[in-house]
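What follows is one structure encoded as structure tokens, with my remarks underneath.
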Amino acid sequence: MARRPSPCNGRCCPRHVPLTRAKQSPEGQPMRVSRYFLPVLRENPAEAQIVSHRLMLRAGMIKQQSAGIYSWLPLGLRVLRRIEEIVHEEQQRAGHIPVLMPTIQSADLWRESGRYDDYGEEMLRITDRHKRDMLFGPTNEEMITDIFRAHVNSYKDLPLTLYQIQWKFRDEIRPRFGVMRGREFLMKDGYNFDLTKDDALHAYNRHLVTYLRTYERMGLQAIPMRADSGPIGGEDTHEFLVLADTGESEVFYDSELTQLTFGDREIDYDDPAACRAVLEEFTSRYARTDETHDPDEFARIPEARRRQARGIEVGQIFYFGTKYSEPMGATVVGPDGQRVPVHMGSHGIGVSRLLGAIIEASHDERGIIWPEGVTPFHVGLVNLKQGDSSTDSACDAIERELQARGMTVLYDDRDERAGAKFATMDLIGLPWRITVGPRGLAANKIELTSRRSGQTVEMAPQEAIAHLAELYEPVFARSFRG
RNA sequence: CGGAGCGUAGCGCAGCCUGGUAGCGCACCUGCUUCGGGAGCAGGGGGUCGGAGGUUCGAAUCCUCUCGCUCCGACCA
């Protein structure tokens, strides 16, 4: 994480030591509710119809600025960043390389691919002061192809997969459901460039594996389903659907699929057979959205395993061959000296939408329940008697020790009643809460409460800290932060 | 884009039909009491009634236009 440079570069004066001393990421800094910006709402905003939208507004995560356009408030931003982090890690683990392309693109690129006219009203078109046609990118196939053709000429530079996490704009006719169907949304979009169709299909399969890992780390079960290619075009495509009653897509699947998990198994991303095996494992059973549903084939599944449900689309992978490389001249010279268009695919994860999807999949009547992998803070700390010297100093010490073990803590140090603090913690959904009161503390006991189960266990502070450290160990182990 | 509806204090709403000093709850501020699941009492601050035009002695209220937002449908990460 970038460290803010002090004006003197930390060399001249001791006062700057505390700044440069921050070895941990900014997330590791003490965060106290009294000093934070957490504008929670007690009542449901009228405009929010579905639970994730309501909870995001109530928990002070987002503020709507316009139809389908949101500001991200601190708590929401933290989760968004966590999700981005996981996406980055899983992409890079597979050897995919991050780039960042602009949100505003020139119309000329899109004229080359023919999509400037094809894309329609959903593309936000802008004219600059010189009357040049520009657009706010709804996706980036053209631009990445332009980058590729400018710099890559030989098959020896392949395979190559570039990706970014960047804001997109699609001028939806009817934005709704908060961040689930916004007009401006954060998306990871990746593009693979390969010499042959086989190589490109390996990239496709490899992405499927990275996506399975990515969603699982976020506490989601996302089922790959055969899908329609839509305006991206292409021959092969799967969508990843999270099952939720509020999903926009109707889905049909074999219930055996929900038993599958990728887990922590090791995989060699450069091994086509290994990736192919995962694809087969996860896509051989029937799973379709309404777009591609085939009732006859569905009927062949034993009746007890047939499921019809609703799902939220959280990602999609495409293989589209030379659809863009050909018209745009993205070619490489092959081993035989011939110049050939590269085989491409693109792969998207709806990063901002995932917040909605996770909440839809994980909440109760009191609020959000964050999976450990994406929680904005690892632990919530509630001081039941603010101002009492014993509880205050116990909380300070617990906060410090949790942080020393790499956990982020949101310490509710407000001078509020217990009920208000509990209600806030439940609403914002931190998976674990430590409660410190004078009564328990007299016996060297604090409480550790699971947001998900609601179960509370009394124990010594040290015990709770060790327990939490152990609990988060696998979460940390999956990330690069080490 | 077709259909339905809503814009009144930061949030949730009443008032509009039948025109006459802009209200309630939460939140916020002060004080006292309270203190393990969104406390009580007392006091206080805050509103261009989305905007423009019109009717009228007088408009949050009636009329016209306009902007914004939400919901249902057809499209999509």
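By convention in this document, chain letters (A, B, ...) are assigned in the order of the sequence lines, proteins followed by strands, and residues within each chain are numbered from 1.
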Distances under 3.5 Å between nitrogen or oxygen atoms of protein and nucleotides 33-35 of chain B:
{"from": "B:U34", "atom 1": "O2", "to": "A:R417", "atom 2": "NH1", "distance (Å)": "2.7"}

Can you name the atoms? Protein N/O to nucleotides 22-26 of chain B N/O, anything below 3.5 Å, with the distance.
{"from": "B:G25", "atom 1": "N2", "to": "A:E43", "atom 2": "OE1", "distance (Å)": "2.7"}

### Test item: A:R451 side-chain N/O and A:P431 main-chain N/O as donor-acceptor pair under 3.5 Å
no

### Message
Does anything in residues 448-463 of chain A come within less than 4.0 Å of RNA chain B? Heavy atoms only, and list the residues if so.
### Response
none

My understanding is that only residues two or more places apart in sequence, or in another chain, count here; which of them pass salt bridge (charged side-chain N to carboxylate O under 4.0 Å, His left out) with [X]?
| X | value |
| --- | --- |
| A:E281 | A:R265 |
| A:D412 | A:R414 |
| A:D392 | none |
| A:D396 | A:R32 |

### Query
Under the salt bridge (charged side-chain N to carboxylate O under 4.0 Å, His left out) rule, what pairs show up with a residue in residues 204-217 of chain A, not counting sequence neighbours?
A:E89-A:R217, A:E90-A:R213, A:E90-A:R217

### Task
Just grab all the side chain to side chain donor-acceptor pair (under 3.5 Å) pairs involving residues 352-361 of chain A, residues at least two apart or on different chains.
A:S52-A:E360, A:T246-A:E360

Please list, pair by pair, any protein nitrogen or oxygen found under 3.5 Å from a nitrogen or oxygen in nucleotides 68-71 of chain B.
{"from": "B:C69", "atom 1": "OP1", "to": "A:S66", "atom 2": "OG", "distance (Å)": "3.1"}
{"from": "B:C69", "atom 1": "OP1", "to": "A:A67", "atom 2": "N", "distance (Å)": "2.7"}
{"from": "B:C69", "atom 1": "O3'", "to": "A:Q64", "atom 2": "NE2", "distance (Å)": "3.1"}
{"from": "B:U70", "atom 1": "OP1", "to": "A:Q64", "atom 2": "NE2", "distance (Å)": "3.0"}
{"from": "B:U70", "atom 1": "O3'", "to": "A:E47", "atom 2": "O", "distance (Å)": "3.4"}

### Task
Sequence neighbours left out, what passes side-chain hydrogen bond (donor to acceptor under 3.5 Å, both in side chains) with A:Q259? Give chain and number order.
none

### Query
Who passes side-chain hydrogen bond (donor to acceptor under 3.5 Å, both in side chains) against A:Y191, sequence neighbours left out?
A:D189

